[in-house]
Amino acid sequence: MIWRLAVGLALLAAPLWAETDGLDEATIRPDDRSVTERLLARAGFGELQKSYALIVGVSDFDEFTDLPTAKDPLRMRDYLVDEAGFDHVHILTGDKVTKDRLEELMLDDFRQLVGRNDRFLFYWSGHGETLGQGPGARGFLPLKTSRKGRFSTMVSMDDIADWDSYIIAHQVLYLMDSCFSGLVGSAPQSDLADITRAQLGGPARHVITAGRADEQTIAVDQLGGSVFTHALLNGLRGAADATNALGKDNLVSVGELKSYLGQEVTRLRTRFGWQRSITPQIRDLTGSDGAFFFPVPAAFAPEEDNPEPDPPVSDGVAEMQQALIDLGYDTGGVTGVLNLRTQVALVLFQRDQGLEETGQADDVTRRAIIAALAGLAQPQGDGDVSEEDSLPETVMAIERTERAAIEPATPAPLPPQDIRVRPCETCPELIRVPGGTMAYGPRPVDDPIPSITEQVAPFFISTTEVTIGQFRAYAEDTGVAFVDGKTSEGPSCFDWQEGDKLRKTAQAFNQGSDLSSDHPVSCVSRRDAMGYVDWLNEQTDGPRYRLPTEAEFELLLERQLKYRIAEEGFNRDLNNDADVVCALGNFGDATSQFSWRNQSCNDGNPGVALVASYPADANGLHDLAGNLWEWVADCWRGNLSLPRALEGCESGTLKGGSFDDPIKNAAPETRQPVPADRRQTNIGFRVARDLE
């Protein structure tokens with residue numbers, strides 16, 4: 001457990017933050033190349049990607065002694081967000097910390113979000129209790145309402161071990177600012193402080209606790225909270241790197257951190273007159289080949305006045321990378337940069353084709369790629385098909401790149417025949433759009449499928465996002481309140497607050513907001529959207545309403561982008577054509593409140609805009625890119641070669657980007673997973689319908 005150590009008159013000082021209701025909110029960076037990804041790449045660990053964290057703190061108890069540690073979870077969150085650059089940090093404190101909520105976050109949210117190349121950190125601040133003695137002892141974590149001696153009211157370390165089994169991250173670390181024995185896992189087989197730099201990036205799963213069962217850690221007002229968390233943050237900022245077996249390499253491994261914590265906690269308890277020992281403990285949850293580590297942010301962040309230049313971009317490289325991916329070669333993604341992985345892919349392709357293994361995209365190699373792709377092409381439909389119509393898009397993209405220097409720009413595609421319908425007075429207007437063959441955008445590099453294409457049939461889709469007025473007609477007709485599926489009032493939607501943080505402060509489908517009926521409805525979950533779809537089907541005859549599929553949505557986004565390229569000379573490098581993107585849709589421009597806003601253009605809307613505020617695309621659709629992320633019919637699948645599911649989604653799929661997104665999220669291939677019951681102020685939807 002943690003014990004309060006009063007220093008001077010510190011007993012008179014009240015905490016600056018009171019746990020009345022607690023926090024349940026997430027800080028999420030936009031879907032861009034993450035800060036930690038860049039930081040890890042600069043540190044030499046480019047295979048590791050996003051970093052996620054769950055921060056939990058309980059300092060106010062019904063039956064246990066209250067703790068002066070209310071600020072510790074906030075300090076840990078702020079470090080991870082502002083300094084360590086974590087991509088997704090969820091904080092849960094006070095009354096909000098329940099077994100059910102923890103299980104929901106671990107099994108439903110983080111299980112879906114955290115990938116195999118990601119990192120996950122779990123931090124707990126609070127009391128610790130032990131049941132039993134010796135090898136059979138078990139550790140428990142009391143909640144606010146937990147009763148003394150009633151261990152069933154607490155979270156056990158076995159609970160945490162069970163939740164951990166659902167997290168597939170490459171590296172996982174549990175930091176427990178509490179004392180108990182009966183830890184899950186086993187003592188490390190080797191000294192983690194002596195691990196080599198080459199081993200650091202290996203898979204790792206560790207638990208560090210503040211002390212043993214018979215020890216009491218201390219909190220000191222002068223330190224702002226727990227001695228353990230104070231030492232922890234100092235160590236992560238670089239102090240733990242000063243005295244380690246590797247020398248000062250600006251990387252703090254979990255072994256170095258544990259060693260530093262032992263020394264620093266001892267120094268601090270002696271300084272403040274605490275005579276009892278405090279011994280931080282470390283355990284491995286599984287056999288770990290590596291060790292969770294933290295790059296020291298100040299050592300690897302680029303200098304503001306002298307930013308590291310981006311690698312040179314070669315003309316046609318992006319198209320060539322996509323072509324190689326379609327042929328089954330691993331380029332590491334579509335980056336537009338002729339990097340080492342792309343050169344290796346070129347060598348393998350050249351070897352398979354019997355060409356000189358140069359690793360360069362010379363003319364002979366380009367022609368061979370085009371020929372190989374043409375061999376995969378299959379004409380669609382009946383009648384005469386031109387040679388170009390039968391080629392995959394990647395072939396035509398390469399050929400267009402090579403012809404661009406000698407041929408004028410191709411004319412803009414003609415808009416489809418304008419057929420619009422409105423099946424009922426309150427129904428969204430639908431427009432008929434042509435189908436086509438689409439190839440999904442960049443896929444995971446371990447995707448074994450050489451080419452993923454889909455034939456999309458013509459269909460109807462609403463010309464704008466569903467509006468507040470249209471959704472209100474449904475809500476009033478059915479009497480559904482849509483506040484967490486209950487009739488009670490209260491916030492259930494995450495909205496942006498000061499400091500680029502999302503907090504549950506808004507009501508479902510914009511109730512109580514000052515937005516007009518012609519604004520797009522947001523603060524609706526995928527389940528809310530499906531309820532509206534079911535209601536539309538009850539009001540009308542004919543083909544059933546549905547959400548557009550991911551393939552349909554991406555096909556329309558790609559078609560819109562090509563239309564802009566042909567019509568306005570728009571470059572696919574979205575950041576270099578920000579002014580055109582601002583004309584295209586509502587993204588995070590110079591008027592936005594967000595720290596990642598793009599200063600190079602102004603779309604005139606700092607937040608969500610009225611529907612149809614921007615020009616229609618070639619299909620007659622408004623706001624397909626920007627304004628709001630939109631739910632599509634597909635359940636989330638991280639690998640697009642996996643079977644599609646349209647029902648029973650734990651997490652849904654979002655497309656299109658929103659008013660708060662970086663402009664590069666206008667790219668058609670951009671996609672996001674979100675829990676199906678999540679309501680957020682930047683998420684809406686539109687509806688679709690088959691032709692018959």
Side-chain angles (χ1 to χ4, degrees), residues 108 112 421 423 427-441 443 452-466 470-471 474 509 520-540 542-560 619 621 623-625 627-658 668-680 682-692:
D108 294 339
Q112 296 286 332
V421 297
C427 293
E429 179 187 62
L430 302 173
I431 189 168
R432 185 186 191 277
V433 294
T437 303
M438 62 85 60
Y440 282 106
R443 304 184 298 279
I452 301 179
T453 61
E454 185 165 338
Q455 180 67 24
V456 175
F459 63 103
F460 281 103
I461 188 168
S462 52
T463 55
T464 71
E465 297 147 332
V466 173
Q470 290 163 348
F471 197 89
Y474 154 58
F509 68 93
V521 67
S522 63
C523 288
V524 284
S525 68
R526 186 185 186 278
R527 295 188 176 100
D528 297 338
M530 292 306 298
Y532 175 76
V533 167
D534 291 341
W535 177 77
L536 281 180
N537 286 323
E538 294 172 358
Q539 311 305 307
T540 58
R544 294 184 63 79
Y545 282 91
R546 57 180 175 79
L547 296 177
T549 68
E550 182 174 2
E552 289 171 339
F553 210 103
E554 188 165 326
L555 175 68
L556 295 177
L557 286 170
E558 184 70 30
R559 189 176 291 157
Q560 177 187 48
N619 289 305
L621 301 173
D623 306 320
L624 198 70
N627 216 28
L628 292 179
W629 286 99
E630 297 184 33
W631 294 107
V632 295
D634 302 51
C635 300
W636 174 257
R637 46 183 175 151
N639 186 323
L640 286 166
S641 66
L642 296 175
R644 168 184 284 119
L646 303 178
E647 297 179 355
C649 303
E650 293 185 358
S651 287
T653 305
L654 301 180
K655 295 288 290 183
S658 72
E669 62 267 18
T670 302
R671 57 201 299 265
Q672 280 275 32
V674 173
D677 58 357
R678 173 105 171 175
R679 296 183 178 123
Q680 203 159 292
N682 60 351
I683 299 175
F685 70 104
R686 71 181 68 212
V687 294
R689 209 179 194 196
D690 294 335
L691 296 188
E692 55 183 44

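Bear in mind the structure is a predicted one, so any value in this text is a computation, not a measurement. Sequence positions, counted from 1, serve as the residue numbers for this chain.
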On a heavy-atom basis, which atom in [X] and which in [Y] lie closest, and how many Å separate them?
X    : Y    : value
C635 : G648 : SG-C, 4.4 Å
L691 : P543 : O-CG, 3.8 Å
L555 : G436 : CD2-N, 3.9 Å
D108 : Q112 : O-CG, 3.0 Å
L621 : V433 : CD1-CG1, 4.4 Å
P423 : Y545 : CG-OH, 3.0 Å

**Report entry** Sidechain-backbone polar pair: R644 side chain, E550 backbone, donor-acceptor under 3.5 Å
**Finding:**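 Checked: no pair found.
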
Query - Any donor-acceptor pair under 3.5 Å from R526 side chain to A633 backbone - result: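 Looks like yes, one N/O pair under 3.5 Å.
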
Are [X] and [Y] side-chain neighbours, meaning at least one heavy-atom pair lies under 4.5 Å?
X    : Y    : result
S525 : V674 : no
E552 : V632 : no
F553 : L547 : no
L536 : P428 : yes

Starting at [atom1] of [X], measure out to [atom2] of [Y] and round the result to the nearest 0.5 Å.
X    : Y    : atom1 : atom2 : result
K655 : D634 : NZ    : CG    : 9.5 Å
D534 : Y474 : CG    : OH    : 7.5 Å
E630 : T653 : CD    : OG1   : 13.5 Å
E465 : W631 : CD    : CH2   : 14.0 Å
R432 : I461 : CZ    : CD1   : 14.0 Å
S462 : R689 : OG    : CZ    : 12.0 Å

Report task. Show your working on side chain to side chain contact (heavy atoms under 4.5 Å, CB included) between N619 and I431 and close with a plain yes or no. Result -> CA-CA 8 Å; N619 289 305; I431 189 168; 5.9 Å; no

Report task. State which residue, out of V524, V466, N537, fulfils the side chain to side chain contact (heavy atoms under 4.5 Å, CB included) condition with Y532. Result ->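 The residue from V524, V466, N537 that satisfies side chain to side chain contact (heavy atoms under 4.5 Å, CB included) with Y532 turns out to be V466.
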
Query raised in the report: Taking it one step at a time, do R686 and D623 satisfy salt bridge (Lys or Arg N to Asp or Glu O under 4.0 Å)?
Result: CA-CA 10 Å; R686 71 181 68 212; D623 306 320; 5.7 Å; no

Report task. For side chain to side chain contact (heavy atoms under 4.5 Å, CB included), just list the numbers for E454 and M438, CA-CA rounded to whole Å, side-chain angles, deciding distance to a tenth of an Å, and then say yes or no. Result -> CA-CA 5 Å; E454 185 165 338; M438 62 85 60; 4.2 Å; yes

Report task. For side chain to side chain contact (heavy atoms under 4.5 Å, CB included), just list the numbers for D528 and F509, CA-CA rounded to whole Å, side-chain angles, deciding distance to a tenth of an Å, and then say yes or no. Result -> CA-CA 9 Å; D528 297 338; F509 68 93; over 6 Å; no

Query raised in the report: Is the NZ or CZ atom of R671 both under 6.0 Å from the centre of the six-membered ring of W636 and within 45° of that ring's axis?
Result: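 Relative to the ring axis of W636, which defines the angle, R671 lies inside both limits.
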
Report task. Verify side chain to side chain contact (heavy atoms under 4.5 Å, CB included) between V521 and F685, making sure each step is shown before the conclusion. Result -> CA-CA 8 Å; V521 67; F685 70 104; 4.0 Å; yes

